[in-house]
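The block underneath contains the structure these notes are about, expressed in structure tokens.
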Amino acid sequence: MPEPFYITTPIYYVNDVPHIGHAYTTVAADAAARYRRMMGSEVFFLTGTDEHGQKVETSAAEQGVSPKALADRVVTRFQKLWEVLNISHDDFIRTTDARHQEAVQTLWRTVAEKGDIYLGEYEDWYCTPCETFLTALQLQEGTCPDCGREPEQLKEESYFFRMSRYEQRLLAHLEAHPEFIQPESRRNEILQFVRGGLKDLSISRTTFSWGIPVPGNDRHVIYVWFDALTNYLSALGYPSRTERFGAFWPADVHVIGKDILRFHAVYWPTFLMAAELPLPRQVFSHGWWTVDGEKMSKSKGNVVDPVEMVRRYGADPFRYFLLREVPFGLDGDFSEKAMVGRFNADLANDLGNVFSRVTAMLDKYCEGIVPRADTSGDLAVQAERAVQRVDEEMERLAFHKALQEIWGLINGINRYVDQKAPWALARETSRRAELDGAMASLMEALRVVTLLVSPFMPVTAEQAAAVLGLQEGWCSREGLRWGASLTGAEIAKAKPLFPRIDTAETPGREPKQPGAAAAKQTEQITLQEFNRLDLRTGVIREAEAVAKSERLLKLLVDLGEAGSRQVVAGIAEVYAPDDVIGKTVVVLCNLKPAKLMGIESQGMILAVEGENGLSLVGLDRPVLPGGKIH
Ligand code: MSP
């Protein structure tokens, strides 16, 4: 029976569109899942979206749509990104799925029946942007220790989970299972936190309604983390004891970012203890990306869009960069310069080059057919060692080290070519056997490299496998054995796997890389369809901030003969009211009116999300308001 392996990503909030941070967690989990599948495990790889909570409710209200409609829209952004990045998840869970709601309510009832939930009064602080409750002790000079913003003080009726009851059991578990929280430094943080004492946890809210109702009291909705964490059970069919549940629970590893470690390493295990369910084997917390040395934020306009990165460099190079650049567990910095540097050095020069070099020699000296020959020797030893070490590194999710080992083998192949000098052997007919041995060994090494890179760069590995003429089922544990053999195989002509990127080119070039084909063309429309849009020039005459919203400005737009319109635009993070008064903009006039934060918006101002953040679409010479755009 293949060993089961259950790996999860966090479920992503739908009040934000996907960025490099989301891509990172998911690509890492995907590489681990693909590796385990290759090694013969029966893998269940889960990702999904976290759709309840106050932030979603507020964002939806700002956009004048229902929370579910907002979730339905954003969820497709995530699903498309996973397609573009070739993520191989086995299931996608949404917290609005009926199966999930049932699981959460059952978990609640189970814990309540145990006597671990009671009604009390909640008197603390709540940081809305972070969806985190804070105690007085956690505040730093009255602000949230994570985001620095001022939390709200709350006093409301709330259900509490008796987390304090599980303090000693959790501590004992953490001490007995050093592998439970990784990396080590994070484990120490959590140990310290738990030793400081666990308080009971407020697990319901009455201040908003977008959530799963508390069983038996629907004035309360279930606190987002009690709801969200349960996704790891509901996707397996819990509360039914399905075959899936039996095979895969407890999870082998929850891959998460360091910001959400406490929820996974303290709250989650205590919920599970209360429900008498086994605990996951590991929670692995990775670091955070900054961008060009700065914290990523919408207001700075430096949010890295993974879809754009894939368009520029291809899915595989982007995946490779994320996992190679930074040790998994530590923080790292993203820059396109570093990305292009790695592309050219590691992918074009090393991996791509070794492929074209060796296959071109096979073509020249062996008519493109892998000779039958003895492949024992140096290269065999190196390859076997690399396979072994990659396995050890993948076991501890040390992706960057696994890649270093693979690149060690690639360098070994290049050195072997230089030592054996097949071009010199080819000149002496008496050395034919030696030449055949060298070429067969080199091809065997390329085959092993193809398998080893496949969890990281699945598209490239498929291409390489096609060149090598590998048969179905090539990507297996058995295939990693040296000598699994290409003897007699006819090698196809290899196109360069990674054509170099000219560093003088500016970002935004057309896709050149193999994976880039994944970025889809948008649907075509007819001129008549375009003409249905009533697009006109308008001049902003008045602008003011919308109370209680960081994003919205209320504008009065002059459309000349077509009159004036009130438009509510989500541009306040970038433009102050004074910045936009007098500006000529492009307005979509026949958009159905909608209410944003209770204010009617009678159109839409066009803007573009560029490299430097949001920018209003403008005109390159003065034009009177009301001009029709066609
Ligand atoms: N919905 C919760 C998770 C619930 S899991 C039961 C959540 N969602 S999130 O969308 O805000 O973030 C999801 C993941 O993205 C986290 O693992 C987080 O660490 C990661 N990242 C967000 N920004 C990041 C970076 N700048 N760098 C690396 N990862 C970061 O939290």
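For clarity, every value in this text was computed on a predicted model and none was experimentally measured. Side chains included, hydrogens not; waters and symmetry mates left out as well; all remaining heavy atoms used. Read the numbers this way: they start at 1 and go in the same order the structure lists the ligands and their atoms.
- Of the listed residues (Gly21, Ser297, Ala23, Gly287), the one carrying the non-hydrogen atom nearest atom 20 (C) of ligand 1 is Gly21.
- The closest approach between Trp268 and ligand 1 stays at or above 4.0 Å for every heavy atom of the residue.
- For the pair Asp97 (side chain) and Arg99 (backbone), a donor-acceptor distance under 3.5 Å is absent.
- Between atom 12 (O) of ligand 1 and the options Met296, Glu51, Lys55, His22, the minimum heavy-atom separation is to His22.
- Within the structure, the closest approach of His264 to ligand 1 falls below 4.0 Å when heavy atoms are considered.
- For atom 27 (N) of ligand 1, the closest non-hydrogen atom of the protein is Trp289 N, 2.9 Å.
- Within the 4.0 Å heavy-atom criterion, the part of Ile256 lying near ligand 1 is the backbone and not the side chain.
- Ring geometry, Tyr24 versus Trp289: the interplanar angle exceeds 60°, so the pair is classed perpendicular (tilted spans 30 to 60°).
- Within the 4.5 Å cutoff, the side chain of Asn231 has heavy atoms near those of the Leu46 side chain.
- Side-chain N/O atoms of His89 and Thr47 include no donor and acceptor closer than 3.5 Å.
- Proximity of Trp225 to ligand 1, defined as any heavy-atom pair under 4.0 Å, is confined to the side chain (atoms from C-beta onward).
- In this structure, Phe456 has its ring center at least 6.0 angstrom away from the ring center of Tyr320.
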